[in-house]
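Taking it in order: structure first as structure tokens, then the write-up.
Proteins get letters first, then strands, A, B, ... in listed order; numbering begins at 1 in each. What you are looking at is a predicted structure, and each value in this text was computed from that prediction instead of being measured.
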2 protein chains.
Amino acid sequence: MRTIDKPEKILATALRLFVASGFHGTPTSKIASEAGVSNGTLFHYFKTKDELVVALYSSIKAELNQYVAAKINEAEAVKEKFRNLFRCSVEWALENKEAFYFIQQFHFSPHLGLVPEEEIRKQTELHTSLLQDAWHAKILKPLPVDLIAALTGNQINGMYQYLTVHAVPADDQRKLIDEVFELTWTMIANPETR
Amino acid sequence: MRTIDKPEKILATALRLFVASGFHGTPTSKIASEAGVSNGTLFHYFKTKDELVVALYSSIKAELNQYVAAKINEAEAVKEKFRNLFRCSVEWALENKEAFYFIQQFHFSPHLGLVPEEEIRKQTELHTSLLQDAWHAKILKPLPVDLIAALTGNQINGMYQYLTVHAVPADDQRKLIDEVFELTWTMIANPETR
DNA sequence: ATGTTTGTAGAGTGATCAGTCAGTTTGTGA
DNA sequence: TCACAAACTGACTGATCACTCTACAAACAT
């Protein structure tokens, strides 16, 4: 039982290879060898390749959620919470480009259907509860909550996409992110409530 | 030379299967048989599987562009053009869900790198020229054009995502799309210019 | 008619890959 | 010290797949 972290090493290697060549494009044998484990070991920890893919998705989502949740709770006011959510998500995405890319890749793949309903709910709980609260407090425009969720989620994607293809100095980057957040907030916030 | 439209039949079948099972998840043999052609015929028209995937992407993009371009030119004012662009894109996506899903799937796959630079430019020409014009006329906020492009593009995705999971009556749908467009426009338009 | 090109078929092939298995090593508890 | 389990190995396998090849048929040209 020499293992320090074989499953994690496998997941990390799989992430790198999946992003480079796609799920089906990367053989399990390559994942195993590049992770420094044998073929058998990989299947010892993950019964099937699909299970590996899903496990990778879940672990990445969990990490992202943990990261964001911590920062959100630092804030008091709802708007601050949203700002932190926006900021953190973008920053995390920029610091974990492969992981963020993988999430999107996974989202547009048949593997998404393999994730149990309950897990999906858990993963989105943070966002939904925040949105629900804000909506009930009439802080948001009278639009469907799910629509607001979809729009804000995609604002993050847009911000991320721009910053990945256009290198921007760190200072300007922060400013830009906050600027775009303000635009987003104006878009979804009810101007009548203060 | 019995062919009526075998290449198109192949592309249509490939689209359906790719969306259902992913690129690598669908064998060329299945595409051929479900399209009603032989295995050899498929490779007669498309030298490799990758070429088929890229050809499918190009044809879909071309179709979308043609559809949108026609409607944009109906409008005079810049804002109307943007509105038509937004409306059409969402409507096309809803009427061609598989195709729109495929575009995204393709975008987050290694195949994207196989599309020649020039083709990509052609495909985005419509959007970029429209944005460039608006930006030079100072109609838009003083933000990088590419950022505005990324944000608006993702607004369309968000709108599409919401409407695919929440069935909405056609009338309400139109209203909602226009409402979200107004929000988007407020977000990117320079309030000082009329 | 005759040759040539183009379209179509489908059996065949070599390579690849997910997953297995029989066996070895390493740690653990009595 | 020994028994037992869990971790680990890598050769192996059966299936699958992208792509080829040979053969034939239809259209067209001369």
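- The pair A/E74-A/K71 does not count as a salt bridge, with every side-chain nitrogen at least 4.0 angstrom from each carboxylate oxygen.
- Taking atom NZ on A/K6 and atom C1' on C/dT25, their separation rounds to 11 Å, with Å as the unit.
- Under the 3.5 Å distance criterion, with hydrogens and angles disregarded, no donor-acceptor pair is assigned to the side chains of A/E34 and A/T13.
- Taking atom CG of residue A/L42 and atom P of nucleotide C/dC21, one finds them 17 Å apart after rounding to whole Å.
- Going from atom CG of B/D50 over to atom C1' of D/dC17 covers 14 Å, rounded to whole Å.
- Whole-Å rounding puts the B/F46 CZ to C/dG7 C1' distance at 14 Å.
- In this structure, of C/dT8, D/dC19, D/dC8, it is D/dC19 that holds the atom nearest to the side chain of B/T48.
- For the pair A/E95/A/Y67, a side-chain contact is recorded, criterion being any heavy-atom separation below 4.5 Å from C-beta on.
- Among D/dG10, D/dT9, C/dA9, the nucleotide with an atom closest to any side-chain atom of A/T41 is D/dT9.
- Under 4.0 angstrom from either OP1 or OP2 of C/dG10 there lies no side-chain N or O belonging to B/S38.
- One can place CG of A/L52 at 13 Å from C1' of C/dG19, the figure rounded to the nearest angstrom.
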Intra- and interstrand pairs of DNA chain C - dot-bracket, Watson-Crick/G-U under 3.5 Å, | marks other strand: ||||||||||||||||||||||||||||||
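- Within the model, atoms CD of A/E51 and CG of A/L56 stand 12.5 Å from one another, a figure rounded to the nearest 0.5 Å.
- A heavy atom lying under 4.0 Å from DNA chain D marks the following residues of residues 20-35 of chain B, by number: B/T26, B/P27, B/T28.
- For the pair A/H166 and B/D146, the minimum side-chain heavy-atom distance is below 4.5 Å.
- The pair A/R83-A/D178 fails the salt-bridge criterion, with no side-chain N (NZ, NE, NH1 or NH2) lying under 4.0 Å from an Asp/Glu carboxylate O.
- For A/Y45, the side-chain atoms get nearest to D/dA7 when compared with the rest of C/dG19, D/dA7, D/dT9.
- Annotation: A/H111 is in aromatic contact with A/F23 [ring centroid separation under 6.0 Å].
- Checked against ring pair (Phe, Tyr, Trp, His ring centres under 6.0 Å), A/F86 has the following partners two or more places apart in sequence or in another chain: A/F181.
- Between the P atom of D/dT16 and the CG atom of B/N39 lies a distance of 15 Å, rounded to the nearest Å.
- Distance A/K9 NZ to D/dA7 C1': 18 Å, rounded to the nearest Å.
- For A/F43, the listed nucleotide lying nearest its side chain is C/dG19; candidates were C/dG19, C/dA9, D/dC8.
- Across the interface with DNA chain D, nearest-nucleotide mapping of A/H44 and A/G40 shows A/H44 to be the residue nearer the 5′ end.
- With C/dT8, D/dA18, D/dA11 as the candidates, the nucleotide lying closest to the side chain of B/K49 is D/dA18.
- Defined by atom type and a distance below 3.5 Å, a donor-acceptor pair is missing between the side-chain atoms of B/S109 and A/Q105.
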